[in-house]
Amino acid sequence: ADPEMAARARTRLADTMTDVDANEEEEELPNTSLGLGVVHASALPCPPERWQPLRPPCVETPIEDVDIFRDWLVLYERRFGIQSLRVLRIGTDDSTSDVQRSATHSTSPPMILDERLVQLPTAGAPCKLTASPNRDFTSDLFNFEVSSPTLPRQAYSCHMPSGELKLRAALEEPPQSLEGLLHCEQRWAVASAGVRIPVTIAHRRGIAIDKSAPLLVMCYGAYGACLDTDFRPEWAALMLRGWVVAFAHVRGGGELGPRWHAAGRLLSKPASARDLRCAVESLHEWGYSQPERTAAAADSAGGLALGGLLNAAPELLGAALLRSAFLDPYTPMVDAALPLTAEDYEEWGDPATDEAVMQCMLAYSPYHNLSDRPYPPTLYCVGQNDRRVPCTQSLRFIARLRHRTAQRELSAMPQLIHVRENGGHMPDGGRYRRLEHLALEYAFLTKAVGLENTTGHPLRAKRTRSRISAR
């Protein structure tokens, strides 16, 4: 953190500590699974007022996780939107002898003696890193997991002094080897005012970049959450069949740190939909696909970005997939009795008390800004028992869109809704049920972008007991 943030953190820590008189008898606290207990402020190796920043802040490299060892720190960072691992060797000032330190009862604060970036098997391409259990505080090895859209999840150990990696286990085994078959990279779409939007692109090696491939674009852009670029067998299945899979890391997410999140929340929320539009247009300009063969997918709060794109430029898409989509932020945010409303004020604002927030929200809400242009075929997947984003959000959106289409005598594309009778905001568990949902979604996307008569298309939909309305 910067010095001001560090000072506030020291103040908060000092306020929460109780300096108990050494002669006063303390009640012994039982051990807990979290290892919580009472500590004397005077017993810390270094008093809080002497704390110093170990590493200067860097806006472009936010730290997402830390593994701590006796002689090492491992930082899980994002460097320009791509996750990376940095290993720091830490130690103390050796200019003071052990006798002097013992006599003064003081310990020098640690400092960085050396650092290096770990060379990952993804060779700098977008990936997802996850910390594994590291139970030996004195070890020179640390464990982690890595995956990417083209690399199934693998467990590695890293020898911190040398940076050497050792494969411990392949945690996912696809039906066929993908080595050398798929390619993943990050490119930058340039929006208005020169804002650069990271776009992750994955596809089969050797495909023609001539606008003929089908394209699936995914987005989220809310709560500072990152759109993970990990491995999914269903994405690999699409890529092996000639699809291009892209991830638009729009403002509102956390891919470029807290500032990227702040640039897509509250009064700046419309930027998420604008960024998605810019990403889709850039993918077309780069030759990956064309509007008729482009599909976009979003979950939950990502529905605001995709819904905004559907309203602003429906002609850019040949199909859309909205899962538990948040399409009307205004109605729930003015109802303080709902369980998540107060919690979401920090992300969306309070339209009931702030006129500027209300006007902004009504201006970007997909439900309140339907277009007069024809919409692409869209599949809405909702949960009947969803308490977070009720299925009525999608139902009301479809009803209003159909009414508007009929009223203006526009050509109507299919607007389908798939209602899951089990499960809530997330689909109900079970591998086979998940495969059924994927089969339905991919059958819809394949037909919508005009690939239903080609060979080797994605999984075909099976008949399920779920209710599908094509009205």
Look only at the side chain of [X] and the backbone of [Y], and say whether a donor-acceptor pair between them is shorter than 3.5 Å.
X    : Y    : result
R277 : A273 : no
W260 : V250 : yes
R323 : G303 : no
E255 : H261 : no
T200 : F247 : no
R153 : F231 : no
S289 : L283 : no
R79  : I82  : no
R402 : Q415 : yes
E347 : Y223 : yes

Value rounded to 0.5 Å, distance of [atom1] in [X] from [atom2] in [Y]:
X    : Y    : atom1 : atom2 : value
K211 : Y288 : NZ    : OH    : 13.0 Å
H159 : K166 : NE2   : NZ    : 11.5 Å
H418 : F444 : NE2   : CZ    : 13.0 Å
Y367 : Y330 : OH    : OH    : 12.5 Å
M361 : L266 : CE    : CG    : 8.5 Å
L309 : S272 : CG    : OG    : 12.0 Å

Just checking [X]: does its [atom1] atom have more than 12 heavy atoms from other residues, nucleotides or ligands closer to it than 6.0 angstrom?
X    : atom1 : value
R168 : CZ    : yes
Q119 : CD    : no
E315 : CD    : yes
R388 : CZ    : no
E185 : CD    : yes

Closest approach of [X] and [Y], non-hydrogen atoms and distance?
X    : Y    : answer
A279 : V199 : CB-CG2, 4.0 Å
S371 : N311 : CB-O, 3.2 Å
L304 : K269 : CD1-CE, 4.1 Å
T353 : D350 : OG1-OD2, 2.9 Å
L178 : P152 : CD1-CG, 4.4 Å
V389 : A325 : CG1-O, 3.3 Å

Pairs under 3.5 angstrom only: tabulate donor-acceptor contacts from the side chains of residues 122-131 to other protein residues two or more places apart or in another chain.
{"residue": "K128", "atom": "NZ", "partner": "D228", "partner atom": "OD2", "Å": "3.3"}

In the structure I gave you, are the side-chain heavy atoms of [X] and [Y] within less than 4.5 Å of one another anywhere?
X    : Y    : value
Y156 : L120 : no
M333 : L338 : no
L75  : V66  : yes
P314 : P374 : no
H437 : C381 : no
P121 : L165 : yes
T229 : H249 : yes
W72  : F142 : no

(request) Would you check, one step at a time, whether the test side chain to side chain contact (heavy atoms under 4.5 Å, CB included) holds for H183 with H203? (result) CA-CA 6 Å; H183 171 73; H203 56 80; 3.7 Å; yes

(request) Please name the residue in the list L401, D328, L327 that meets the side chain to side chain contact (heavy atoms under 4.5 Å, CB included) test with P366. (result) L327

(message) Would E234 and L435 count as a side chain to side chain contact (heavy atoms under 4.5 Å, CB included) here? Give the steps.
(response) CA-CA 9 Å; E234 59 268 25; L435 290 176; over 6 Å; no

(message) For Y76 and Q83, which I'm curious about, is there any donor-acceptor pair between the side chains at under 3.5 Å?
(response) no

(message) Ignoring hydrogens and geometry beyond distance, is a side-chain donor-acceptor pair present between N134 and D67 at under 3.5 Å?
(response) yes

(request) Take R241 and Y442 through the side chain to side chain contact (heavy atoms under 4.5 Å, CB included) test and state the conclusion after the steps. (result) CA-CA 12 Å; R241 286 160 173 79; Y442 283 8; over 6 Å; no

(request) Apply side chain to side chain contact (heavy atoms under 4.5 Å, CB included) to the pair T331 and Q393, showing each step before the final yes or no. (result) CA-CA 10 Å; T331 301; Q393 288 248 340; 5.6 Å; no

(request) Decide, yes or no, whether a salt bridge links E436 with R420 under the criterion of side-chain N to carboxylate O below 4.0 Å. (result) no

